[in-house]
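To start, the structure under review is shown below, and the notes come after it.
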Amino acid sequence: MSKETRSITVLTDVHLITCVVQRGLADTITRAAKRAGAQGATVFFARGMGIKERLGLLGVAIDAEKEVVHIVVSAEQADRVFEATYLAGKLDTPGMGIMYMTRLDKAATFVPQQVIDNLDAAQQAQDNEA
Amino acid sequence: MKPANRAKLITCFLDKDSAPALADYLHNDCDLHSIHFAHARGQSSSNHTAHTWKERDIIQVVVSRERAKEIFEKIYLFQELDRRPNGFMFQEDLMMATPFIPPPQQPEDPQSD
């Protein structure tokens, strides 16, 4: 009987960008993020409440229905993706939404063996040069 | 308010309908109670067609620092992320978290039959 060894591939230096925007804007945000280099995004619906009473006629101008967009990016890409999504979502306009970025301890997903081998080979080459 | 010690938040983006099984596993086998899941849609580079949305589940677990590594690994293996592209997970630090204390079980009313 053979005992299979399972290993975990962990990614580090990753950031999470979260955008809370009006319903319907998530597609625009996601498209901009992908154009800026993000690999993907996850979106879910939410209901928001804030200073909407101050905006529009009796607050009805701002939709309380929100979309929350999660985008995980590498630390290298983080600023570029953040800026692209900020501009695409027109978050400099009052009432359009908010976004923030947090540093993640680590992330994990399925990484094909071929990709791991390529990374190992690249690392090996780098070590040999040094 | 009695804050718990510094905690970690583990978030997983999973295929549709995967979250209930994972929540059960964490609840029953790992004795965790601070679990929450929701439905979402996701787009990723692993999708065959670009700009195609897929239905997803998001599950979030608040776990103490001491157990974070263990729980992260258990979720990874339970979801078989080492074998196939079943989702994406990450862990972040929380500045403060309150413990979830389940309500005490009410004694059964003997006259309720």
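Sequence lines set the chain letters: A, B, ... in the order given, protein chains first and strands last, and positions in each chain run from 1.
Of all the listed residues (A41(A), A38(A), G40(A), P112(A)), the one sharing the greatest number of non-hydrogen pairs under 4.5 Å with chain B is A41(A). Interface remark: of the candidates K8(B), E92(B), Q79(B), R83(B), R83(B) forms the most heavy-atom pairs closer than 4.5 Å to chain A. Between chain B and the residues V10(A), D27(A), V68(A), V14(A), the largest count of heavy-atom pairs under 4.5 Å involves D27(A). Taking R103(A), E67(A), R6(A) one by one and counting their heavy-atom pairs under 4.5 Å with chain B, the maximum is reached by R6(A).
For E80(B), the parts lying under 4.5 angstrom from a heavy atom of chain A are both the backbone and the side chain. Looking at R84(B), the atoms closer than 4.5 Å to chain A (heavy atoms on both sides) all sit in the backbone: N, CA, C or O. Contacts of L77(B) with chain A are made by both backbone and side-chain atoms, with heavy-atom separations under 4.5 Å. The contact between V72(A) and chain B is made entirely by side chain atoms (from C-beta outward), counting heavy-atom distances below 4.5 Å. Contact annotation for F13(B): only side-chain heavy atoms (C-beta onward) come within less than 4.5 Å of a heavy atom of chain A.
Ring geometry for H39(B) versus F37(B): interplanar angle over 60°, hence perpendicular rather than tilted (30 to 60°).
Stacking of K66(A) on the aromatic ring of F45(A) is not recorded, the 6.0 Å distance cut-off and the 45° axial limit not both being met.
For the residue pair Q43(B)/T30(A), the side-chain donor-acceptor check at 3.5 Å is not satisfied. Side chains of Q91(B) and K69(B): no donor on one and acceptor on the other come within 3.5 Å. Donor-acceptor pairing under 3.5 Å is lacking for the side chains of Q114(A) and N118(A).
The side-chain contact (heavy atoms from CB on, under 4.5 Å) with I29(A) is formed by just one residue from the set V69(A), I17(A), V43(A); it is V69(A).
Between R6(B) and D93(B) a salt bridge is recorded (basic side-chain N to carboxylate O distance below 4.0 Å).
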